[in-house]
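Have a look at the structure below before the remarks.
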Amino acid sequence: MEKIETVPIASSTDVILVRQAVRQSAIAIGFGLVDQTKIVTAASELARNTLDYGGGGLMKLETLEAGGRRGLRLTFEDQGSGIPDIELALKDGFTTGSGLGMGLGGAKRLANEFVIESAIGQGTRVTIVRWK
């Protein structure tokens with residue numbers, strides 16, 4: 001059965017709640033420890049970006065079943081300023097803040113599927129999927 005949950009992201013405490021929700025769902029669908037760690041780490045990076053660069057937003061968590069596989073789809077949305085150059089933002093070391101510039105590219109590497117959409121002045125949506 002598919003599960004859908006929405007978690008608002010408006011504070012650092014919400015980033016922790018995102019991590020907890022993702023870990024609980026990953027355990028519930030039978031992810032091993034390595035896959036749990038990968039999806040929770042990606043979720044943490046994307047939740048932090050949603051808060052720091054997007055001014056807050058939300059995460060939608062969905063459990064998936066397809067072709068005998070189970071997985072998690074996480075969608076992070078904000079209505080911030082948007083990303084002017086997505087290719088540049090995905091490069092390791094690039095940042096417009098005080099971080100290391102590894103979060104967005106790292107989240108992409110930790111996911112099986114990764115889609116990013118952004119429009120200047122309208123916000124950003126990042127969707128990742130991790131399959132078991």
Side-chain angles (χ1 to χ4, degrees):
M1 174 177 279
E2 195 170 295
K3 170 187 166 189
I4 300 175
E5 178 179 353
T6 301
V7 180
I9 302 169
S11 70
S12 292
T13 300
D14 294 334
V15 174
I16 295 168
L17 295 176
V18 164
R19 291 176 58 93
Q20 292 172 341
V22 171
R23 181 168 305 279
Q24 288 171 352
S25 291
I27 290 170
I29 66 170
F31 276 19
L33 185 57
V34 171
D35 284 331
Q36 288 175 40
T37 301
K38 287 180 178 179
I39 192 78
V40 169
T41 300
S44 182
E45 294 291 343
L46 295 173
R48 177 57 60 191
N49 282 354
T50 299
L51 180 62
D52 290 348
Y53 301 107
L58 60 86
M59 176 199 69
K60 186 167 80 174
L61 181 155
E62 301 167 85
T63 58
L64 307 172
E65 289 189 40
R69 298 187 305 171
R70 301 185 79 193
L72 289 177
R73 178 187 297 129
L74 309 177
T75 303
F76 295 84
E77 295 181 7
D78 67 63
Q79 296 183 343
S81 59
I83 301 171
D85 186 337
I86 291 174
E87 292 301 318
L88 183 59
L90 287 168
K91 288 188 177 180
D92 288 344
F94 176 80
T95 183
T96 58
S98 60
L100 298 175
M102 304 293 283
L104 201 53
K108 182 178 181 181
R109 287 189 293 275
L110 293 169
N112 297 121
E113 299 172 27
F114 180 94
V115 177
I116 183 168
E117 304 163 276
S118 187
I120 300 301
Q122 297 180 19
T124 301
R125 177 186 301 131
V126 180
T127 302
I128 62 171
V129 175
R130 180 91 196 159
W131 292 102
K132 181 178 172 200

Problem - Enclosure of Q79 CD (heavy-atom neighbours >12, cutoff 6.0 Å) - result: no
Problem - Partners meeting side chain to side chain contact (heavy atoms under 4.5 Å, CB included) with I120 (sequence neighbours left out) - result: P84
Practice task
Measure the spacing between CD of E77 and CG of L58 and express it to the nearest 0.5 Å.
Solution key: 5.0 Å
Completion exercise
In terms of heavy-atom contacts, G30 and K132 come closest through O-CE, 3.1 Å
Handout entry: Contact check, side chains of L104 and I116, non-hydrogen atoms, under 4.5 Å
Key = yes
Practice task
Could you check L46, T75, V22 and say which one makes a side chain to side chain contact (heavy atoms under 4.5 Å, CB included) with M59?
Solution key: V22
Practice task
Determine whether S44 and V18 make a side-chain contact, defined as any pair of heavy atoms from C-beta on separated by less than 4.5 Å.
Solution key: no
Handout entry: Where A89 and I83 come nearest, the two heavy atoms and their spacing
Key = CB-CG2, 3.7 Å
Problem - Single-linkage hydrophobic cluster V126~L90, side-chain heavy atoms < 4.5 angstrom - result: yes
Handout entry: K91 side, atom NZ; I86 side, atom CD1 - distance, nearest 0.5 Å
Key = 14.0 Å
Exercise for the section: Would you please name every residue forming a side chain to side chain contact (heavy atoms under 4.5 Å, CB included) with A26, sequence neighbours left out? Expected result: F31, Q36, I39, L72
Exercise for the section: Please confirm whether the backbone N or O of S11 pairs with a side-chain atom of D14, one donor and one acceptor, at under 3.5 Å? Expected result: yes
Exercise for the section: With sequence neighbours excluded, give me every side chain to side chain donor-acceptor pair (under 3.5 Å) pair touching residues 105-122. Expected result: D92-R109, E113-W131, E117-R125, S118-T124
Practice task
Output the distance between atom OG (S25) and atom CZ (R73), rounded to the nearest 0.5 Å.
Solution key: 13.5 Å
Completion exercise
Looking only at heavy atoms, the pair that brings E5 and A21 closest together is OE2-CB, 3.8 Å
Handout entry: Qualifying residue for side chain to side chain contact (heavy atoms under 4.5 Å, CB included) with I128, from L74, L110, V115
Key = L74
